[in-house]
Amino acid sequence: MFTLSSKNVEESPQFKQIIVPDGSVKKDLVPKVSNKELVRWYRTMVTVRVLDEKAMRLQRQGRIGFNVPTTGQEAHVGAAAALKDTDWIFPAYREHGAALYRGLPLRTIVNHYFGNNDDPHRGRRLPGLFGSRDQRFVNPSAPIGTQIIHAVGAAYAAKYLKDGTVTMVFFGDGATSSNDFHSGMNFAKVFDVPCVLICQNNQYAISLPVKRQTKAKNLVDKAIGYGMPGIQVDGNDVFAVYSAVSEAAKRARKGNGPTFIESVTYRLGAHSSSDDPTRYRSKEEVETWEARDPIKRFRTYLISQAILTEEESKQIDADIVDNLNQLVKEAEAVEKPPLETMFTDVYEEMPWHLKEQLENLRRIMGGGK
Amino acid sequence: MFTLSSKNVEESPQFKQIIVPDGSVKKDLVPKVSNKELVRWYRTMVTVRVLDEKAMRLQRQGRIGFNVPTTGQEAHVGAAAALKDTDWIFPAYREHGAALYRGLPLRTIVNHYFGNNDDPHRGRRLPGLFGSRDQRFVNPSAPIGTQIIHAVGAAYAAKYLKDGTVTMVFFGDGATSSNDFHSGMNFAKVFDVPCVLICQNNQYAISLPVKRQTKAKNLVDKAIGYGMPGIQVDGNDVFAVYSAVSEAAKRARKGNGPTFIESVTYRLGAHSSSDDPTRYRSKEEVETWEARDPIKRFRTYLISQAILTEEESKQIDADIVDNLNQLVKEAEAVEKPPLETMFTDVYEEMPWHLKEQLENLRRIMGGGK
Amino acid sequence: MPELTLVESIRQTLSQEMEQDPKIVLLGEDIGTNGGVFRVTEGLIDKFGPERVIDTPLSESGIIGFATGMALYGLHPIPEIQFVDFIWPGWDQIMSELSKYRYRSGGQYPAHLVIRTPYGGGVGGALYHSQSPEAYFAHTPGLKVVIPSGPKDAKGLLTSSIRDSDPVIFMEPKRIYRAFREEVPEGEFTVPLGVASVAREGDDVTILSYGSMLHKALETADKVRDEQHISCEVIDLRTLLPLDITTIEKSVKKTGRVMSVTEDTKTAGFGAELSALIAERLIEYLEAPILRVTGFDTPFPFVHEPDYLPSVNRIQDSVLQIYNYSYGGASK
Amino acid sequence: MPELTLVESIRQTLSQEMEQDPKIVLLGEDIGTNGGVFRVTEGLIDKFGPERVIDTPLSESGIIGFATGMALYGLHPIPEIQFVDFIWPGWDQIMSELSKYRYRSGGQYPAHLVIRTPYGGGVGGALYHSQSPEAYFAHTPGLKVVIPSGPKDAKGLLTSSIRDSDPVIFMEPKRIYRAFREEVPEGEFTVPLGVASVAREGDDVTILSYGSMLHKALETADKVRDEQHISCEVIDLRTLLPLDITTIEKSVKKTGRVMSVTEDTKTAGFGAELSALIAERLIEYLEAPILRVTGFDTPFPFVHEPDYLPSVNRIQDSVLQIYNYSYGGASK
Ligand SMILES: Cc1ncc(C[n+]2csc(CCOP(=O)(O)OP(=O)(O)O)c2C)c(N)n1
Ligand SMILES: Cc1ncc(C[n+]2csc(CCOP(=O)(O)OP(=O)(O)O)c2C)c(N)n1
Ligand SMILES: [Mg+2]
Ligand SMILES: [Mg+2]
């Protein structure tokens, strides 16, 4: 029933953990980060969770078309926090935290969820699949694993241009079976590019548990076959994630090439708004992981260190909920993108045949927008 | 200049070698095989070399269209010898030895080289890309690596049918970068199929040395990321290859799943009849490997053990040459396959549109064959 | 006869064929424990066990290549690709291997298998859960391409596909997975591959279609009958490769006016092949341009999906154009 | 002006563009030390160094994905795929990523790159070194597809492709890599994308072609002029996507008789799109069926390659068919 590797993993010497699930810490490992910054992390993590709950509700009400929940994986805000703002992030689709940390406005995400005319993607994407040039947060596709080699290519470009940039790519445990995990890992090390490859091992690829995805003892072992250094971290521990990525980014920036990080975490919710996880996993299993909740753990730590009071923490939660509700209200009122956005951005300039198709459609729709 | 891993490799404890390049042996490791069988191995290895030389000459004379030389890699006859005749082999394109050992008539191969009407592939393939159902020697494509997952799927079928069959797949060092190396290795272990995956690391993928193909310390290390056992052998040592494959096949047949074998060898000739290897490697490097020639080494051993006399060995060589020359003469005289073979075997039954295309072509060619 | 949805009909067919042919195994992502993301294979793992209903790792190249290996060995695997949009990591296996094995081996190694995969729009799936790439498959000799338009045909066509020794791409219009029920014969039932059906007889205009678009074509046929008294003959192609040219020719010779309705992108889409065949074989029967109603030449959109897919309005517009067409007397 | 082969012209163009744009990097299998298996990139690694002329591991998915990443970051990479037959392991990267990046990101992440790849038959390459898969690319919105027919155009088209911010598949007809020389402007020279050229003016029959087949079409035009006094207008499409419809329309309106000559397999090949466009736009000008001369719907053979490729005889046969055609008065 309980097939997770996490228990053995925690005992393995390579496993990095700083905040223990009960909120206490391994003191000497705590990264040197200002209190203000820690509160920023916390606020971002909570925003992700609140957004997630809201989006699931909106989806069930038929107000948005889809949602990919990230609940349980919020500690990956720490991965974004370990980079410079100029570094590039190639997300999969559970990296709302990294996007928000980077400064992608929550308003933009909400507009995107509604696919309205203020959505930078012009309503072309499934809610959850967003990106932003300003934040160097690249637009993901849906096919699994393809972005890994993109991050590696971008890192090559950064190395070629000698601009000191590092790229980081997120992907799941399922993605380790994909073609471009293989090409990405291999090219990354062959060309020793400044790239951090971080696998959020959330134990499942939809219904398939990681133990049936691969027989590697630990996902981190996959690095060996590419001659790449690997780190395994507790992915529900924002400090551990932060410090692993810091180490990897430092290595990359020094010119010492890529690092593979296996971040052991758990998807507490459904795979997506179309999924029913009770078909393939037990309540007990989920509860075990709820006890390792990254937000709870971090909150306990912050309060225990008097970085935050109980009250402040509640105020943060309430503010985020209010703000989000307001943004939803506003986004829902924005009109949808005009008809021609179905035809723009296929090419830099619209070729004759697309113009003709657009005109023809307009004629039939009777001048419809 | 000299970028090969072979030196360090030979010192590594995991490296299997039985016949040392000078022809002497590590006695306790010599496999128990009858003298008659050893002579069969030897004869097959020599046939491969003679065929290779002949085919290169025929190609240069414009009598056949292409050739892929295998000189230097003949010890892989030992891999075929370690299997049962009922086991399936999925070759790449340098496995002439395995085919001949299996009993594929040399005549058939020669007919295939000429693409004549007695070629079982009806003149459809580049010379060198052949297979045979009777010998359970599957027809390779040209795209690199694709056959790896086929062998794994066939092994699954064998396991499902409980017929005790093992499959073996050959591929090169370059193929370890391919998509289906990754899928093949992963599926093989996830489903624990009876498959032997053998990589002929001949140091190059056309011009790219293996050290730039991957940064894995040794190719055999790639097995770790799939949780699969790996063996590294001297691929110029027919005993070592035989015993590694025997071990792997035994494991597979017992139900203990797949094994990855890295067989360290060297392509002494050009990549193909279109290639000029002096562009990318030195004479000295080639000479170092010539000293490790698998046939010379095995001959020295056979003679030193009085399994073969010097004279007998010369007679074997001469017989093979004569026989081959005769076969070439005969094959060259056979007519080419009839026109309709361009259209047959696309489907089991020829659909209307192919019939129409054939008829139309016949009409234009004026009843041409 | 019981009334089944498309999903139920496919599930029943798989189950019945598996009962009588132990060489059939199913494989794919989430098809076992989870019953498939569209629940097509629901319950089959309980009935046939995990050795015949195999949950695979996340690799389409692996799934298709693994199935190909099984087929070479003599099994009759039926891989499922979760969405056809995700088939491309396995495209090399289809294009270079599966479609060419029989030919390149001189008939020694055929690959008897069926790839099942949901395709098409209408479910709010955007770029990567909506595409209709049938033209790529139809342009690949060695493959057969089959698309049912409803539960009954699905049973007949899938049964024939499973028993056919050539590799078949069986594309399931997911938009109508549960859209309606149809009587489906309970026992063994086959529909031959390569044979179209006349879904609606008519005299004025021929509409060629398949899959979920067939229903839009039929809807339009109703509409133009009611509104303009135009009689459309609607043909359900059912198999795109090899195509049933006889049924097409017969209809076009009768109507002289023909168009196609397909969901894929227009340029070099499957409608182009239909137009081309007619333009090379039947030009003297034609009394109007051959029109194509298709998806647009863009990636598949999200918010504008209803505008993207061929609609009754768009189809009607084309019917009227060709119905009202008369040669303007233009000449060289 | 110096006379160059196609290979030399492409090499010169790459070199000149690399000199003036440091963002250009080349990558691919065996393109560095070895100078490419067709020697197109010979000498470039000495001139530009291994950081700009990159020998990659054996992975087309890697090559194309890696290049895409570079392009997103702002470089202008030019990956080479050794033979187009080997592009399919990277097809997911083209189909799902490269072609859709601009669209899906709302224009934020365009991918400015050119994939160069030799294609086509005529070199004795059999199944996997001969194919002409342009229709797959042309069916993929977001890509541009460019095919030169000779050294001079190659320079102009490649220069334009390199400077274009959309992803371009630049297909090189390897059969004519060294078949003839042509004067090629030494300095900067561009030919706009999306514009066909009239390779031969004529009045009776329009032949649409591109790449190495253009030369077969021209040869045939000579032959039917000499033998039957038929005047063919031969159009070199040069860019398949987006296509130059204006030049096609002008010619067909003039001749009323049109056919295409392409090397790819027939069904759903690029010729189908040409026929379809004409059948929907120009039917009233047509005086004959629209014929297609193509490769056959089989894998690419070895021994029978000369019979497989469109020959002058086969093209002539179609020219005569449509030239001699007159409506038989068939009607509904
Ligand atoms: C190539 C491809 N195949 C199948 C899918 C369908 N699919 C979507 S998500 C998913 C599982 C991904 O698992 P993992 O990589 O672990 O990421 P997670 O969802 O757990 O974050 C699958 C199979 C897809 N998107 N792409
Ligand atoms: C997918 C693919 N890409 C490129 C090629 C061209 N090519 C043919 S052989 C070869 C090198 C193969 O190297 P390796 O796997 O080491 O086998 P070897 O030739 O050394 O036996 C390449 C790149 C190909 N056949 N298939
Ligand atoms: Mg996962
Ligand atoms: Mg090699």
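Residue numbers start from 1 in every chain, and the chains themselves are labelled A, B, ... in the order their sequence lines are given, proteins ahead of strands. What you see below is based on every heavy atom in this structure, not just the backbone, and it leaves out hydrogens, waters and symmetry mates.
Comparing D/Y128, D/W91, D/Y136 by how many heavy-atom pairs each has under 4.5 Å with chain C, the most go to D/Y136. Counting heavy-atom pairs under 4.5 Å between each of D/A288, D/A138, D/P289, D/S61 and chain C puts D/P289 at the top. Per-residue heavy-atom pair counts under 4.5 Å with chain C were compared for D/I278, D/T140, D/I322, D/L274, and the maximum is reached by D/T140. Among the candidates D/R292, D/M259, D/E60, D/K266, the residue making the largest number of heavy-atom pairs closer than 4.5 Å to chain C is D/R292. Taking D/Y103, D/F86, D/F296 one by one and counting their heavy-atom pairs under 4.5 Å with chain C, the maximum is reached by D/Y103.
For chain C, the nearby part of D/L286 is the side chain; its heavy atoms alone come within less than 4.5 Å. Residue D/Q131 touches chain C through its side chain alone, counting heavy-atom pairs closer than 4.5 Å.
Judged as a side-chain contact (heavy atoms from CB on, under 4.5 Å), and not counting sequence neighbours, the contacts of D/Q108 are A/P120, A/H121, A/S132, A/R133, A/N139, D/S105. Residues meeting the side chain to side chain donor-acceptor pair (under 3.5 Å) test with D/S260, sequence neighbours left out: none.
Minimum heavy-atom separation, C/E280 to D/I290: CB-O, 3.0 Å. Shown here for D/A276 and C/S275, the closest heavy-atom pair between the two residues is CB-CB, 3.6 Å. Residue D/L127 comes nearest to C/R104 through the heavy atom pair CD2-CB, 3.8 Å, listed as atom of the first residue, atom of the second, then distance. Smallest separation of non-hydrogen atoms from C/G269 and D/E273: N-OE1, 4.4 Å. When every heavy atom of C/D297 is checked against every heavy atom of D/P141, the shortest pair comes out as O-CB, 3.3 Å.
Residues from residues 239-246 of chain C that place a non-hydrogen atom less than 4.5 Å from a non-hydrogen atom of chain D comprise C/L241, given in numerical order. Within residues 94-102 of chain C, the residues having any heavy atom less than 4.5 Å from a heavy atom of chain D are, in residue-number order, C/M95, C/S96, C/K100.
In this structure the side chain of D/Q93 never reaches within 4.5 angstrom of the side chain of C/W88, judged on heavy atoms.
Side-chain atoms of D/H139 come within 3.5 Å of backbone N or O of C/T267 as a donor-acceptor pair.
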